[in-house]
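Everything on this sheet refers to the single structure shown next.
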Amino acid sequence: MSARIFKPAKSAMSSGEQNTKAWVLEFEPNTPRKIDPLMGWTSSSDTKSQVQLRFATFDEARRYAERHGIAYLVENPKPRAKTIRPMGYGGNYAHNRRQAWTH
């Protein structure tokens, strides 16, 4: 049984960082997924692949894995690029615009 410890990335559908603060311990599947012949859905008999444990810090996740004898792989988070836009949507209507407004 092995697991990976990582920090989840932010959702591509939002600019917020709601679920990116905690570290997640996620178990690797022991059996491959198979396609159900009736419905066409993929399924697995491995219930541990559905489990995600959340921890406030990396050390808590690491200690949990070591205490329970779980081999783990750490995926360090990539730093998020901080791009600063000089003006947002409201800048289109600012009185001090330097360029002509075009659509």
Side-chain angles (χ1 to χ4, degrees):
M1 172 172 50
S2 64
R4 68 183 184 126
I5 299 174
F6 65 99
K7 258 186 147 175
K10 77 172 196 69
S11 169
M13 302 302 290
S14 172
S15 62
E17 299 178 5
Q18 175 65 30
N19 294 324
T20 62
K21 305 294 186 211
W23 286 83
V24 177
L25 185 138
E26 184 177 72
F27 293 97
E28 297 292 330
N30 290 333
T31 59
R33 292 180 171 260
K34 51 189 174 230
I35 299 174
D36 181 73
L38 178 63
M39 298 298 289
W41 296 340
T42 57
S43 64
S44 174
S45 60
D46 183 22
T47 57
K48 286 189 180 178
S49 64
Q50 301 172 7
V51 175
Q52 281 190 342
L53 302 174
R54 295 188 177 273
F55 299 93
T57 64
F58 167 71
D59 288 329
E60 289 177 14
R62 181 184 51 79
R63 275 188 262 133
Y64 178 86
E66 290 173 353
R67 189 174 354 139
H68 292 284
I70 301 169
Y72 60 91
L73 174 71
V74 177
E75 293 181 7
N76 290 321
K78 295 178 182 166
R80 182 176 177 201
K82 299 285 185 184
T83 57
I84 299 173
R85 292 174 43 188
M87 282 198 225
Y89 178 75
N92 292 336
Y93 306 103
H95 67 280
N96 60 352
R97 275 187 65 84
R98 295 184 185 180
Q99 302 133 341
W101 185 82
T102 61
H103 236 336

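Scope of the values below: all heavy atoms of this structure, side chains included, with no hydrogens, waters or symmetry mates. For the single chain, residues carry numbers from 1 onward in sequence order.
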Distance-only donor-acceptor pairs under 3.5 Å for side chains of residues 29-36, two or more places apart:
residue: Thr31; atom: OG1; partner: Ser44; partner atom: OG; Å: 3.3
residue: Asp36; atom: OD2; partner: Leu38; partner atom: N; Å: 3.3
residue: Asp36; atom: OD2; partner: Met39; partner atom: N; Å: 2.8

With sequence neighbours left out, which residue pairs that include part of residues 51-63 fulfil the salt bridge (Lys or Arg N to Asp or Glu O under 4.0 Å) condition?
Asp59-Arg62, Arg62-Glu66
Please determine whether residues Leu53 and Ile5 belong to a single hydrophobic cluster, defined as Ile, Leu, Val, Met, Phe, Trp and Tyr linked transitively by side-chain heavy-atom distances below 4.5 Å.
yes
For Lys48, I'd like to know if atom NZ has over 12 heavy atoms of other residues, nucleotides or ligands within 6.0 Å.
no
Rounded at 0.5 Å granularity, tell me how far OG in Ser2 sits from CZ in Phe27.
9.5 Å
Note: Ala65 and Leu25 closest approach over all heavy atoms is CB-CD1, 3.9 Å
Does one hydrophobic cluster hold both Val51 and Phe6, with members joined at side-chain heavy-atom distances below 4.5 Å?
no
Phe58 vs Val74, test: side-chain contact (heavy atoms from CB on, under 4.5 Å). Steps then yes/no.
CA-CA 9 Å; Phe58 167 71; Val74 177; 3.6 Å; yes
On a heavy-atom basis, the closest approach of Val24 and Pro8 is CG2-CD, 3.8 Å
Determine the minimum heavy-atom distance between Lys7 and Lys21, stating which atoms define it.
CE-O, 3.2 Å
Within the 6.0 Å centroid threshold, strictly below: Trp23 and Phe55
no
Rounded to the nearest 0.5 Å, what's the gap from CD1 on Ile70 to CD on Glu28? Could you check?
12.0 Å
